[in-house]
J.: 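Once you've had a glance at the structure underneath, I'll fire off some questions.
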Amino acid sequence: MNEFQPPEPGDELTRRQWLLVLRELVALAGFSGILPELAAISFGAEGHQATTLPPGLYYPSHDHLSRALGEVGSMHNIPPGSETEYVPLNGPPFHPQFFSPEEFKLITRIFEVLLGNVEPGALSQAAQWLDLYLNSAAGVREAALALDPLHRALAVAYEGESAIRELETADFPETVRSGLKALQRHCIERYGREFATLDKEQQSSVISTVITATPSSPLQTFFDLMRDTAVRGYYTTAAGLKELDYKGNWYYASCPGCEHKK
């Protein structure tokens with residue numbers, strides 16, 4: 001961790017550079033609602049508080065990720081309850097936290113229709129990502145509403161007012177809960193059976209019909225959210241990143257252009 005050094009006289013600090021520094025400071029201070037200058041930094045192990053750093057304004061060193069990655073092989077023991085934990089790739093069987101087992105199977109099938117022919121492992125991971133996303137949505141909204149006004153102003157400057165307002169007001173869990181109920185009603189009205197009991201062609205027909213429908217409804221809002229989260233979830237998987245030809249943080253001599261035709 002490095003102490004922040006103000007620019008020397010005559011040095012020009014651009015707005016973008018200043019926002020990047022402020023963003024690091026916000027990450028350091030967290031969502032506690034205190035000002036970055038007053039952020040108390042402690043490194044606890046089994047509840048013990050470490051020695052407080054000398055007074056000053058601090059930001060994370062730029063090579064902290066490389067240091068962390070260099071330690072992955074040793075897999076140090078992390079105290080229970082820590083904010084950061086290693087996620088084992090081959091852990092115990094997944095148990096959804098937001099969905100019931102039946103709902104999770106239904107969501108996985110919806111993702112399968114929306115994403116098309118993708119690897120089963122990537123499909124499962126995308127659905128798991130949605131379960132985690134919805135399970136943590138209430139906490140994220142609570143943290144967004146508790147932001148210090150200066151932190152919120154910084155977040156708006158970086159992400160945009162609409163994105164922050166969505167974090168503060170959107171109730172995605174309720175959208176999904178009401179959408180699943182509306183989906184079952186729609187299938188019963190159309191086929192006399194619930195979605196899970198329909199054959200694959202009927203399931204695909206239901207989804208495509210709702211997505212292309214013009215009137216706004218809870219069911220259409222639900223599928224709009226499903227399309228967005230299916231794509232976002234899939235491209236967080238190894239298969240999705242490989243499809244994007246993502247190589248990590250690379251340096252380019254010149255900015256690569258878009259290869260898609262207008």
Side-chain angles (χ1 to χ4, degrees), residues 15-16 18-39 83-84 95-100 102-104 106-111 113-115 125-186 195 206-237 240:
R15 180 176 180 272
R16 180 178 181 276
W18 180 236
L19 282 175
L20 289 174
V21 171
L22 285 179
R23 187 189 184 198
E24 291 177 330
L25 291 171
V26 170
L28 186 62
F31 294 106
S32 59
I34 58 177
L35 298 180
E37 293 86 347
L38 304 179
E83 294 183 1
T84 302
H95 297 287
Q97 302 177 64
F98 178 81
F99 295 110
S100 69
E102 293 74 21
E103 290 173 336
F104 187 72
L106 191 152
I107 289 295
T108 302
R109 174 56 188 155
I110 292 175
F111 270 27
V113 174
L114 294 174
L115 293 173
Q125 291 171 21
Q128 292 176 27
W129 178 87
L130 175 62
D131 181 77
L132 174 64
Y133 176 73
L134 294 174
N135 188 60
S136 60
V140 171
R141 184 169 63 252
E142 182 180 348
L145 291 171
L147 278 176
D148 179 274
L150 292 180
H151 285 167
R152 188 186 187 282
L154 174 61
V156 168
Y158 191 84
E159 300 288 349
E161 176 68 34
S162 61
I164 303 305
R165 180 64 62 185
E166 182 179 78
L167 284 177
E168 296 171 336
T169 60
D171 191 348
F172 296 127
E174 176 57 29
T175 298
V176 173
R177 294 291 189 204
S178 60
L180 287 174
K181 293 178 181 178
L183 174 62
Q184 301 296 23
R185 289 195 300 268
H186 177 82
F195 183 85
V206 167
I207 293 175
S208 61
T209 300
V210 173
I211 287 178
T212 56
T214 302
S216 178
S217 66
L219 186 55
Q220 189 178 36
T221 302
F222 165 71
F223 275 111
D224 286 343
L225 178 61
M226 288 299 98
R227 285 193 299 178
D228 178 64
T229 53
V231 172
R232 291 173 62 188
Y234 173 69
Y235 286 110
T236 63
T237 68

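The structure displayed is predicted, hence computed values, not measured ones. Counting begins at 1 with the first residue of the sequence.
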J.: In sequence, state the C-alpha distance, the side-chain angles, and the governing distance for F99 and N135, and then conclude on side-chain contact (heavy atoms from CB on, under 4.5 Å).
T.: CA-CA 9 Å; F99 295 110; N135 188 60; over 6 Å; no
J.: Within the distance-only criterion (no hydrogens, no angle test), does the side chain of E103 pair as donor or acceptor with the backbone N or O of S100 below 3.5 angstrom?
T.: yes
J.: Which heavy atom of A230 sits nearest a heavy atom of L115, and at what distance?
T.: O-CD2, 3.6 Å
J.: If every non-hydrogen atom of G233 is compared with every non-hydrogen atom of A126, which pair is closest and at what distance?
T.: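 In this case the closest contact between G233 and A126 is C-CB, 3.8 Å.
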J.: What are the two closest heavy atoms between M226 and T229, and how far apart are they?
T.: O-OG1, 3.3 Å
J.: Tell me, please, which residues at least two apart from T209 pass side chain to side chain contact (heavy atoms under 4.5 Å, CB included).
T.: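 So T209 forms a side chain to side chain contact (heavy atoms under 4.5 Å, CB included) with R190, S205.
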J.: Quick one: side chain to side chain contact (heavy atoms under 4.5 Å, CB included) partners of E168, sequence neighbours excluded?
T.: A144, L145, R152, I164, R165
J.: Between atom CZ of F195 and atom NE2 of H186, what is the distance when rounded to the nearest 0.5 Å?
T.: 10.0 Å
J.: For the side chain of R141 and the backbone of T169, is there at least one donor-acceptor N/O pair under 3.5 Å apart?
T.: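 It does not hold such a pair.
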J.: Could you tell me whether the side chain of R177 reaches within less than 4.5 Å of the side chain of F172, counting heavy atoms only?
T.: no
J.: Looking at CZ of F223 and CG of L183, how far apart are the two atoms once the value is rounded to the nearest 0.5 Å?
T.: 5.0 Å
J.: Would I110 and L106 count as a side-chain contact (heavy atoms from CB on, under 4.5 Å) here? Give the steps.
T.: CA-CA 6 Å; I110 292 175; L106 191 152; 3.3 Å; yes
J.: First locate atom CG of L154, then atom CD of E159, and finally report the distance between them rounded to the nearest 0.5 Å.
T.: 9.5 Å
J.: Set out, in order, the CA-CA distance, both residues' side-chain angles and the distance that settles side-chain contact (heavy atoms from CB on, under 4.5 Å) for Y133 and Q128, then state yes or no.
T.: CA-CA 9 Å; Y133 176 73; Q128 292 176 27; over 6 Å; no
J.: Give a yes or no answer on whether the side chain of T175 reaches the backbone of D171 with a donor-acceptor pair at less than 3.5 Å.
T.: yes
J.: Rounded to the nearest 0.5 Å, what separates atom CG in L147 from atom CD in E142?
T.: 11.5 Å
J.: Any side-chain heavy atom of R232 sitting closer than 4.5 Å to one from W129?
T.: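 Of all side-chain heavy-atom pairs linking W129 with R232, at least one is under 4.5 Å.
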J.: Looking only at non-hydrogen atoms, find the nearest pair between T108 and A127 and report the distance.
T.: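 Of all heavy-atom pairs spanning T108 and A127, the closest is OG1-CB, 3.6 Å.
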J.: Among L132, I107, D131, whose side-chain contact (heavy atoms from CB on, under 4.5 Å) with F98 holds?
T.: D131
J.: Of all the heavy-atom pairs spanning F222 and L180, show the shortest one and how long it is.
T.: CZ-CD2, 3.7 Å
J.: Please examine the side chains of V176 and L130, heavy atoms only from C-beta on, and report whether any two atoms are closer than 4.5 Å.
T.: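 L130 does not reach V176 side chain to side chain.
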J.: So do the side chains of Q220 and I211 get within less than 4.5 Å of each other, counting heavy atoms only?
T.: no
